[in-house]
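For reference, the structure is listed below as structure tokens.
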Amino acid sequence: PILYSYFRSSCSWRVRIALALKGISYDLVPVNLLKDGGQQFSAEFKAVNPMQQVPTLKIDGITLSQSLAIIHYLEDTRPKPRLLPQDPKQRAQVRMIADNIASGIQPLQNLSILKQMGDRKTEWAQSCIVSGFQALEQILQHTAGRYCVGDEVSMADLCLVPQVANAERFKVDMRPYPTITRINKALLELEAFQVSHPSRQPDTPAELRA
């Protein structure tokens, strides 16, 4: 497998966690979203992913983009350890939380939107994350065990940790979100979340390395 990734991309981090959890080795091709006006806009990368976004995964003779689509494929083809619970209600809760983050929070504060916000980008990012986290904290109070849904790591957790990192980068006050904070802390103790961390990637700048 070949993963096109950017160290700081939260969507790429989700996929790196899934690959680590499932023990799938891969070659990483860095795509710097800032250098040269954004390497994702090159003709070469557009041929790989017409949406010009990371992550993109080449695996089993196909090319997949969109982090949740990639993770669902890995779950379908390499089901252990599972990232979706067997219980239908819990599966729905996992998908709900993952979608809340992947559709309702992250896209509103990603790089392409922030570029258009100019001097207001930090204020905008904070506003989007706070709005989403207020809802997420409420949801997790009903679904969480050790992790987002019960006591098994799921696709929801793969979305949560990178989004908390975004919140911290934009200096969001995390004190109103004790459930999010507790789950995030527990997940960051797991090896798969550590090896996939933005501070430990081949394309991580020296000053940001762990």
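Residue numbers start at 1 and run along the sequence shown.
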Quick check: is [Y] connected to [X] through a chain of hydrophobic side chains (ILVMFWY, heavy atoms under 4.5 Å apart)?
| X | Y | value |
| --- | --- | --- |
| Tyr26 | Val29 | no |
| Ile71 | Met96 | yes |
| Val195 | Leu208 | no |
| Leu84 | Val161 | yes |
| Met117 | Val130 | yes |

Of the options Leu57, Val54, Asp27, which is the one that meets Leu3 in a side chain to side chain contact (heavy atoms under 4.5 Å, CB included)? Leu57
Identify the heavy atoms of [X] and [Y] that sit nearest to each other, and give their distance.
| X | Y | answer |
| --- | --- | --- |
| His197 | Leu188 | CD2-CD2, 4.4 Å |
| Gln86 | Arg91 | O-CD, 3.8 Å |
| Pro30 | Gln39 | O-OE1, 4.1 Å |
| Asn32 | Gln40 | O-OE1, 3.7 Å |
| Pro1 | Ser25 | CD-O, 3.5 Å |
| Asp87 | Gln90 | OD2-N, 2.9 Å |

Determine yes or no for a side-chain-to-main-chain donor-acceptor pair under 3.5 angstrom, with [X] supplying the side chain and [Y] the backbone.
| X | Y | value |
| --- | --- | --- |
| Trp124 | Gly118 | no |
| Asp60 | Ile62 | no |
| Arg82 | Val153 | no |
| Thr143 | Cys148 | yes |
| Glu137 | Thr179 | yes |

Compare all side-chain heavy atoms of [X] with those of [Y] and state whether any distance is below 4.5 angstrom.
| X | Y | result |
| --- | --- | --- |
| Ile70 | Ile59 | no |
| Leu160 | Tyr147 | no |
| Leu68 | Asp99 | yes |
| Asn184 | Leu187 | no |
| Tyr177 | Gln134 | yes |
| Met155 | Arg95 | no |
| Cys159 | Ile97 | no |
| Ile105 | Asn100 | no |

Rounded at 0.5 Å granularity, tell me how far [atom1] in [X] sits from [atom2] in [Y].
| X | Y | atom1 | atom2 | result |
| --- | --- | --- | --- | --- |
| Thr181 | Met174 | OG1 | CE | 4.0 Å |
| Phe133 | Ile101 | CZ | CD1 | 7.0 Å |
| Trp13 | Asn166 | CH2 | CG | 8.5 Å |
| Lys121 | Ile113 | NZ | CD1 | 13.5 Å |
| Leu21 | Phe193 | CG | CZ | 5.5 Å |
| Tyr4 | Lys58 | OH | NZ | 3.5 Å |

Who are the salt bridge (charged side-chain N to carboxylate O under 4.0 Å, His left out) partners of Asp76, not counting sequence neighbours? none
Are more than 12 heavy atoms, taken from residues, nucleotides or ligands other than [X], located less than 6.0 Å from that residue's [atom1] atom?
| X | atom1 | answer |
| --- | --- | --- |
| Glu189 | CD | yes |
| Asp173 | CG | yes |
| Lys22 | NZ | yes |
| Gln141 | CD | yes |
| Lys89 | NZ | no |

Under 3.5 Å, is there a donor on one side chain and an acceptor on the other for Gln66 and Gln53? yes
Before accepting this row, confirm whether a basic side-chain N of the pair Asp157/Arg146 lies closer than 4.0 Å to the acidic partner's carboxylate O. no
Option passing side-chain hydrogen bond (donor to acceptor under 3.5 Å, both in side chains) with Arg16 (candidates Ser67, Ser196, Ser5, Ser9): Ser5
Tell me the ring-ring contact (aromatic ring centres under 6.0 Å, His included) pairs involving residues 46-96, sequence neighbours left out? none
Take Asn49 and Thr63, measure what side-chain contact (heavy atoms from CB on, under 4.5 Å) needs, and give me the verdict at the end. CA-CA 8 Å; Asn49 181 353; Thr63 302; over 6 Å; no
